[in-house]
Asks: 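Dropping the structure in here first, questions after.
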Amino acid sequence: PPAVAASAAASAPPHLLLICFPGQGHVNPMLRLAKRVAAKGLLVTFSSLASVGPKLAAAAGVSAGGDGVPVGRGRVRFEFLEDGDPGPDLDDLMRHLETAGPPPFAALLRRQAEEGRPVACVVANNPFMPWASDVAAGEGIPTAVLWVQSCAVFSLYYHQVHGLVEFPHEDDPTARFKLPGLPEMSAADVPSFLLPSNPLKLHADAIIRQFRTIGRASWVLVNSFAELEADVVAALPGVTPRPPELISVGPLVELQQQEGQEEDDAVRGDLIKAADDCVEWLDAQPPRSVVYASMGSVVVLTPGEVAEMAHGLASTGRPFLWVVRPDTQPHLPAGFVESVSGRGAVVAWSPQERVLAHPSTACFLTHCGWNSTLETVAAGVPVVAFPQWGDQCTDARFLVEELGMGVRLRGARREAVREAVKAAVAGPRAGEMLASARRWSAAARAAVAPGGSSDAHIQAFVDEVARRAQG
Ligand code: UDX
């Protein structure tokens, strides 16, 4: 009878639906946000494109539809949009989704209501699917955006999009500029998408375009934490036109071995299957001995750079665990894997946060994607920063110069790799870097621990979603 159905709906937890671009750098923070929110009692649906459905379902151990799995006091379930995927090229995918994305997404939202779990809030991660927020608004559903890069990067984009800053010429490495709440910077510290030399125009346009509409979202959540980026966040309300308020909910990382955390990494979002034996391999290495190297999910090194990196890692005299994705493995020097066997391990994908949390790991040679940056901060592992493009340039500047957590690698020559690793692990400043890394790790863990700054922001967000769902 209708009265029973109405009371069941009233007692059901509010339903939050996330729609996620199918790239690893987006899936990880979105899925971790899903789990944090579910842990506080919401029903959370994680949705993405059908092209990644089977991989995500396999990694998470959850099939699409149905009730999903319990996470803390709530549940996480999965849904995938049939969009007629045109293939992996980002330009093609974005153009295709402009028209192919909205109809199945609107249908997905309506189906949730028909099946008795109306959506109380949609969390989108623009920029590559900017239509998602519009579709949700069209259905009368409040929206939130998850910004998956740093607040510093947000500020740099915001100032540029609104004509509030002119960056120095790229050919002048000595020229500096200054924005509120940020240290003096040079062109090399700016996200490369904002510089004239950027070849990835479509990426840049997509990221810039979202700033025109981001203020329409009811919440702008950011994967950062107050203590890490206090100055830049405090300065933003003074900027004209005024940016939306940034609500820090991070670091959205899998915190390993932490007491009192409801988080666990049983529900993972790997789009490449992680090697099973990394942790056992690390167990067999001496404490703080291993160089972990990974360039994330999208950076492609040239064959020459891969070969130099190989020789450089092998020449450090240390054990190393190197992620070389399947698309890059053909560029490894012939016989390399066999020649380093025992001391060096090459894997197609690793369980990265477990590797970083392992006591054998001494340093992380990283491209400084924002997820990797936050993961190494949370784990307290010093870095060799080797940024390639986009926000990685800004993240590297912060890791090395502001957080004091490592050294910079410029160019993938084998001698440079060897010297940078040596400086990060055993050089005269290595102890200082490790101490800084450990301090930032403690701050990161405190932010997401019960009652910490980001935990409190997530609770407030969940409460407000619930309040609106009831009202
Ligand atoms: C992309 C952009 O390149 C990056 O600049 C932006 O900040 C986010 O989107 P990506 O290059 O993949 O991301 O890097 P990153 O942000 O570090 O994300 C990679 C994720 O994959 C991390 O969460 C990392 O833990 C995970 N990973 C990586 C693994 O689990 N195993 C691996 O072997 C390598």
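Both ligands and their constituent atoms are indexed starting at 1 by order of listing. Count residues from 1 along the sequence. Computed from heavy atoms alone, side chains included, the values below leave out hydrogens, waters and symmetry copies.
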Asks: Given Ser372, Gly369, Ala293, Ser150, identify the one with the heavy atom nearest to atom 19 (C) of ligand 1.
Replies: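 Heavy atom nearest to atom 19 (C) of ligand 1 belongs to Ser372.
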
Asks: For atom 28 (C) of ligand 1, which of Phe21, Tyr292, Trp349 has the closest heavy atom?
Replies: Trp349

Asks: Would you call Glu280 and Arg354 a salt bridge, taking side-chain N to carboxylate O under 4.0 Å as the test?
Replies: no

Asks: Given side chains that start at C-beta, do those of Phe154 and Pro244 come closer than 4.5 Å, heavy atoms only?
Replies: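 Yes; the side chains approach each other to less than 4.5 Å.
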
Asks: Which bit of Ser294 is near ligand 1, meaning a heavy atom under 4.0 Å away: side chain, backbone, both or neither?
Replies: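 Under 4.0 Å from ligand 1, Ser294 contributes side-chain atoms alone.
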
Asks: Can you tell me how far apart CG (Leu365) and OG1 (Thr376) are? Round to the nearest 0.5 Å.
Replies: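 Separation between the atoms: 11.0 Å.
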
Asks: I want to know if ligand 1 touches Asp395 in the polar sense, i.e. an N/O pair below 3.5 angstrom.
Replies: no

Asks: Taking heavy atoms and a distance under 4.0 Å, where does His26 meet ligand 1: side chain, backbone, both or neither?
Replies: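 His26 to ligand 1: no contact under 4.0 Å from either part.
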
Asks: Please report the shortest heavy-atom distance between Val190 and Cys393, naming the atom on each side.
Replies: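 In terms of heavy atoms, the two residues are closest at O-CB, 3.8 Å.
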
Asks: Suppose we measure from atom 16 (O) of ligand 1 to each protein heavy atom; which comes out shortest, and what is that distance?
Replies: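 The answer is Asn371 ND2, 2.8 Å.
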
Asks: Val298 heavy atoms, cut-off 4.0 Å: which ligand 1 atoms fall inside?
Replies: 3 (O), 11 (O)

Asks: Compute the minimum heavy-atom distance from Asp391 to ligand 1 and say whether it is under 4.0 Å.
Replies: yes

Asks: Looking at Arg418 and Glu308, is any side-chain nitrogen of the basic one under 4.0 Å from a carboxylate oxygen of the acidic one?
Replies: no

Asks: Please say whether Asn28 places an N or O atom under 3.5 Å from an N or O atom belonging to ligand 1.
Replies: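 In this structure, Asn28 places an N or O atom under 3.5 Å from an N or O of ligand 1.
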
Asks: Would you call Phe177 and Glu184 a side-chain contact if the rule is heavy atoms closer than 4.5 Å?
Replies: no

Asks: Just let me know how Trp389 lines up against ligand 1, side chain, backbone, both or neither, with a heavy-atom cut-off below 4.0 Å.
Replies: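 Side chain only; the backbone of Trp389 stays clear of ligand 1.
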
Asks: N/O of Gln24 under 3.5 Å from N/O of ligand 1, yes or no?
Replies: no

Asks: Looking only at protein heavy atoms, which one is nearest to atom 33 (O) of ligand 1, and how far off is it?
Replies: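 Ranked first by proximity to atom 33 (O) of ligand 1 is Ser350 N, 2.7 Å.
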
Asks: Determine, step by step, whether Phe46 and Arg77 satisfy the side-chain contact (heavy atoms from CB on, under 4.5 Å) criterion, reporting the C-alpha distance in whole Å, the side-chain angles of both residues, the deciding distance to 0.1 Å, and the verdict.
Replies: CA-CA 6 Å; Phe46 181 99; Arg77 54 191 299 284; over 6 Å; no

Asks: Do ligand 1 and Ser297 have nitrogen or oxygen atoms that lie under 3.5 Å from each other?
Replies: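 It does: an N or O of Ser297 is found under 3.5 Å from an N or O of ligand 1.
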
Asks: Do Glu254 and Arg268 meet the salt-bridge criterion of a basic N to acidic O distance under 4.0 Å?
Replies: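 Salt bridge flag = no for Glu254 with Arg268.
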
Asks: Do NZ/NE/NH1/NH2 and the carboxylate oxygens of Lys55 and Asp270 come within less than 4.0 Å?
Replies: no

Asks: To which of Gly25, Pro351, Gly23 does the heavy atom nearest atom 9 (O) of ligand 1 belong?
Replies: Gly25

